[in-house]
Enquirer: 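Please see the structure below; I have some questions.
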Protein chains: 2
Amino acid sequence: MENRCENCIIRQFNSLRALNKDDLKKVSDSKISRKIKKGEALFVEGQKLDGVFCVRNGVSKLSKLSANGKEQIVKLTNIGEIMGQRSVIAEDFTNLSATAINDMEVCFIPKEIISNTLNTNPNFSLEVLRHLAHDLKEADDVIVNMSQKTVKQRLAEAFIYLKKNYGEDENGFLTLTLSRDDYANIIGAATESLIRMISDFKKKGLIKTEGKKIGVVEIDRLQELVDGF
Amino acid sequence: MENRCENCIIRQFNSLRALNKDDLKKVSDSKISRKIKKGEALFVEGQKLDGVFCVRNGVSKLSKLSANGKEQIVKLTNIGEIMGQRSVIAEDFTNLSATAINDMEVCFIPKEIISNTLNTNPNFSLEVLRHLAHDLKEADDVIVNMSQKTVKQRLAEAFIYLKKNYGEDENGFLTLTLSRDDYANIIGAATESLIRMISDFKKKGLIKTEGKKIGVVEIDRLQELVDGF
DNA sequence: TCTAAAACATGATAATTGTCACTTTTTACA
DNA sequence: TGTAAAAAGTGACAATTATCATGTTTTAGA
């Protein structure tokens, strides 16, 4: 009984906060906890989802394959986030794949519970609306960044984002460790270009590396880069 | 009395279709019709909106200025679309500017009416959710296109989109006439590059031009370009 | 712990796209 | 309807970024 939604603080960070005791009980009774290993997929592009995932722990990437076989990472998830909302709401196939970047714990909530609650609890609908609205705004920002910023600026921005969003360890390395490939797919560049740029940033003292780990050294200078010197 | 929402077919294309007679009356009583001239702004980035706009006629661009002063067009609106939903729902500043591309007729609906209806009519909330979900999916697609496709491919895609979405006149020219600048800002390229590419497409017989007007000649070959030959 | 596969890295080169400077054409409106 | 401003267009060139080839290091798992 330890894993009841009623006792889960995570829900304060997502739309489930709008649920009353009754609704919450229903969700809790029907949810299924799952562990996802690093590299495993939660769902893939084009799939029908019969529920949403609530992220208790770990980080996943939401990505899309383009015709030429390249992956574009559209978003990294945060703890507390609900995944799969869009396609459950639109009763649509998923437009993105979700893959665990590190080991994850998620709760799966069947779509019937979600739609029922949407139909009966206007507060919940409003919360979901707000979250979608937020996602949409962020997506717009990504569009602008992709088309108006150079690869170098996008990389600098990514480091700042990763530091602010996921933090760093006691030695100043980013908590979230990404492969070079993932970095390349976030900023939309060739892996080789990305690697060169990391070397460059390191040479300039903006970041430090230790194997896969990367640490932000001069966040202000990175920000200057983003703003265009 | 001719301009009552009750008699407006446009609403079948947007979330207002979920309104019952009562709700619709309230909307209709409080809405204000407005004409917007080509080039005029409906709202600008960073503004607080106290309502949404329902597009009766004309097309507008939703765009964002980047730090370097360049404009990125994120979306073109369609007839029937509701604009400003996101920021009214999130009770947030607009993240985009809306500018009329040709003369427009819009209805302004005060935000109180919208929020009230959201609070009381779950069907309306669901409809709005579906529309936001759709917008979000489209935004994801744009992100992938921006980062994975070449400027040439994005231009080819834009022509196909404009033809399918806004149609063409009796002479085979696109109904929606955009400036070269707007084209450049849609596909995220320098205006000069865009102009060169248009010349190139024309030389290859893919499109035809007559002043500002552009006509799609070989849609299949444009599609081949998009798909990567 | 050995080994193949995956990830990381670097050089050389090419393709794409942007920038700057300028001319020509079109458009708006005084 | 004349004219200034805006938009369209072109050339030369530079910067950015991708591609290909190849070598090195790291990692996972038999």
Side-chain angles (χ1 to χ4, degrees), chain A residues 37-40 61 66-72 99-103 145-158 177-203 207-214 225-226 228-229, chain B residues 37-40 61 66-73 99-103 145-156 158 177-203 207-214 225-226 228-229:
Chain A
K37 282 246 181 69
K38 175 180 173 173
E40 237 180 278
K61 56 180 176 183
S66 66
N68 56 46
K70 271 200 173 174
E71 182 190 30
Q72 173 64 35
T99 313
I101 283 187
N102 43 36
D103 290 351
N145 276 345
M146 280 296 170
S147 73
Q148 307 258 340
K149 294 203 170 126
T150 64
V151 171
K152 193 183 288 186
Q153 289 177 308
R154 299 205 294 272
L155 180 60
E157 205 163 36
T177 302
L178 297 172
S179 70
R180 302 296 195 252
D181 254 325
D182 282 341
Y183 270 109
N185 295 338
I186 288 172
I187 66 177
T191 307
E192 296 94 323
S193 302
L194 177 274
I195 289 175
R196 268 182 255 275
M197 231 155 264
I198 287 183
S199 307
D200 188 49
F201 277 21
K202 191 179 172 180
K203 209 175 295 169
I207 60 171
K208 58 183 177 180
T209 68
E210 198 181 290
K212 274 175 119 72
K213 290 198 150 298
I214 295 181
L225 257 182
V226 174
F229 323 119
Chain B
K37 281 247 182 68
K38 176 179 172 172
E40 238 181 276
K61 57 181 176 183
S66 66
N68 56 47
K70 271 200 173 174
E71 182 190 29
Q72 173 63 35
I73 296 178
T99 315
I101 283 186
N102 42 36
D103 290 351
N145 276 344
M146 280 296 170
S147 73
Q148 306 258 340
K149 295 204 170 123
T150 63
V151 171
K152 195 184 287 186
Q153 290 177 308
R154 298 205 294 272
L155 181 59
T177 302
L178 298 172
S179 70
R180 302 296 194 252
D181 255 324
D182 281 340
Y183 270 108
N185 295 338
I186 287 172
I187 65 177
T191 307
E192 296 93 325
S193 303
L194 176 275
I195 289 174
R196 267 182 255 275
M197 231 156 264
I198 286 183
S199 307
D200 187 49
F201 277 21
K202 192 180 172 180
K203 208 175 296 167
I207 60 170
K208 59 183 177 180
T209 69
E210 198 183 291
K212 274 174 120 72
K213 290 198 150 299
I214 294 181
L225 256 181
V226 174
F229 324 118

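The figures here come from the full heavy-atom set of this structure, side chains too, leaving out hydrogens, waters and symmetry mates. Residue numbering restarts at 1 for every chain, and letters A, B, ... go by the order of the sequence lines.
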Enquirer: Using 0.5 Å steps for rounding, measure from the CG atom of Asn185(B) to the CD1 atom of Ile73(B).
Expert: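 One gets 5.0 Å once the value is rounded to the nearest 0.5 Å.
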Enquirer: Does the side chain of Thr150(B) get closer than 4.0 angstrom to OP1 or OP2 of dT16(C) through an N or O atom?
Expert: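 Thr150(B) to dT16(C) OP1/OP2: no side-chain N or O under 4.0 Å.
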Enquirer: Between the protein and nucleotides 23-30 of chain C, list the N/O to N/O atom pairs that are separated by less than 3.5 angstrom.
Expert:
none

Enquirer: Please enumerate all residues that pass side chain to side chain donor-acceptor pair (under 3.5 Å) together with Lys152(B), with sequence neighbours excluded.
Expert: none
Enquirer: State which residues pass side chain to side chain donor-acceptor pair (under 3.5 Å) with Thr209(B); sequence neighbours excluded, sorted by chain then number.
Expert: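 For Thr209(B), the residues satisfying side chain to side chain donor-acceptor pair (under 3.5 Å) (neighbours in sequence not counted) are Lys202(B).
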Enquirer: Suppose we call a contact any N or O donor and acceptor under 3.5 Å apart; does that hold for the side chain of Arg196(B) and the base of dT19(C)?
Expert: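 Pair found.
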Enquirer: Going by side-chain contact (heavy atoms from CB on, under 4.5 Å), name the residues that satisfy it together with Lys37(B), two or more places apart in sequence or in a different chain.
Expert: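 Lys37(B) satisfies side-chain contact (heavy atoms from CB on, under 4.5 Å) with Glu40(B), Asp103(B) only.
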Enquirer: Under the side-chain contact (heavy atoms from CB on, under 4.5 Å) test, which residues partner Ala158(A), sequence neighbours left out?
Expert: Ile187(A)
Enquirer: Between Gln148(A) (CD) and dG18(C) (P), how many Å, whole number?
Expert: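 Answer to the nearest Å: 10 Å.
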Enquirer: Heavy-atom distance under 4.5 Å between the side chains of Phe201(A) and Ile214(A), does that happen here?
Expert: no
Enquirer: Nearest whole angstrom, please: distance from the P of dC20(C) to the CD1 of Ile195(B).
Expert: 16 Å
Enquirer: So what is the end-to-end bend of the helix from dT1(C)-dA30(D) to dA30(C)-dT1(D), with 5 pairs used at each end and the value given to 10 degrees?
Expert: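 The end axes of the helix from dT1(C)-dA30(D) to dA30(C)-dT1(D) are about 50° apart, to the nearest 10°.
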Enquirer: Hey, are the side chains of Ile198(B) and Leu155(B) touching, using non-hydrogen atoms and a 4.5 Å cut-off?
Expert: yes
Enquirer: Can you tell me if Arg180(B) uses its side chain to pair, donor with acceptor, with the backbone of Thr191(B) under 3.5 Å?
Expert: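 Not a single qualifying donor-acceptor pair exists.
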Enquirer: Tell me: CE of Met197(A) to C1' of dG11(C), nearest whole Å?
Expert: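 After rounding, the gap between these two atoms is 16 Å.
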Enquirer: Nearest-Å distance, NZ (Lys213(A)) to P (dA7(C))?
Expert: 18 Å
Enquirer: Taking all non-hydrogen atoms of both residues into account, name the closest pair between Gln72(A) and Gly188(A) and its distance.
Expert: OE1-CA, 3.6 Å
Enquirer: For Lys212(B), give me all partners under side-chain contact (heavy atoms from CB on, under 4.5 Å), at least two apart in sequence or on another chain.
Expert: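 Lys212(B): side-chain contact (heavy atoms from CB on, under 4.5 Å) contacts with Thr177(B), Ser179(B).
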Enquirer: Please list, chain by chain and in numerical order, all residues satisfying salt bridge (Lys or Arg N to Asp or Glu O under 4.0 Å) with Asp200(A), sequence neighbours excluded.
Expert: Lys204(A)
Enquirer: Taking side chain to side chain donor-acceptor pair (under 3.5 Å) as the definition, give me every residue that meets it alongside Lys149(A), ordered by chain and number, with sequence neighbours left out.
Expert: Asn145(A), Glu157(A)
Enquirer: Could you list where the contact with chain B starts and ends along DNA chain D, reading 5' to 3', using a 4.0 Å heavy-atom cut-off?
Expert: dA7(D) to dA12(D)
Enquirer: What's the closest nucleotide to the side chain of Arg180(A) if the choices are dA9(C), dT19(C), dT10(C)?
Expert: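 Selected nucleotide (nearest to the side chain): dA9(C).
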Enquirer: Both Leu194(A) and Leu178(B) contact DNA chain D. Which one's nearest nucleotide lies toward the 5' end?
Expert: Leu178(B)
Enquirer: Under the 3.5 angstrom rule, does the side chain of Gln148(A) hit a backbone N or O of Glu71(B) as a donor-acceptor pair?
Expert: yes
Enquirer: Is there any salt bridge (charged side-chain N to carboxylate O under 4.0 Å, His left out) pair reaching into residues 181-193 of chain A, and which pairs are they, with sequence neighbours excluded?
Expert: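 Residue pairs passing salt bridge (charged side-chain N to carboxylate O under 4.0 Å, His left out), neighbours aside: Lys61(A)-Asp182(A).
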Enquirer: Select base, sugar-phosphate, or nothing to describe what Ser193(A) touches, counting heavy atoms under 4.0 Å on all strands.
Expert: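 Base, at least one base heavy atom under 4.0 Å.
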Enquirer: What residues from residues 181-192 of chain B pass a heavy-atom cutoff of under 4.0 Å to DNA chain C?
Expert: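 Going residue by residue through residues 181-192 of chain B, the ones with a heavy atom under 4.0 Å of DNA chain C turn out to be Gly188(B), Ala189(B), Ala190(B), Glu192(B).
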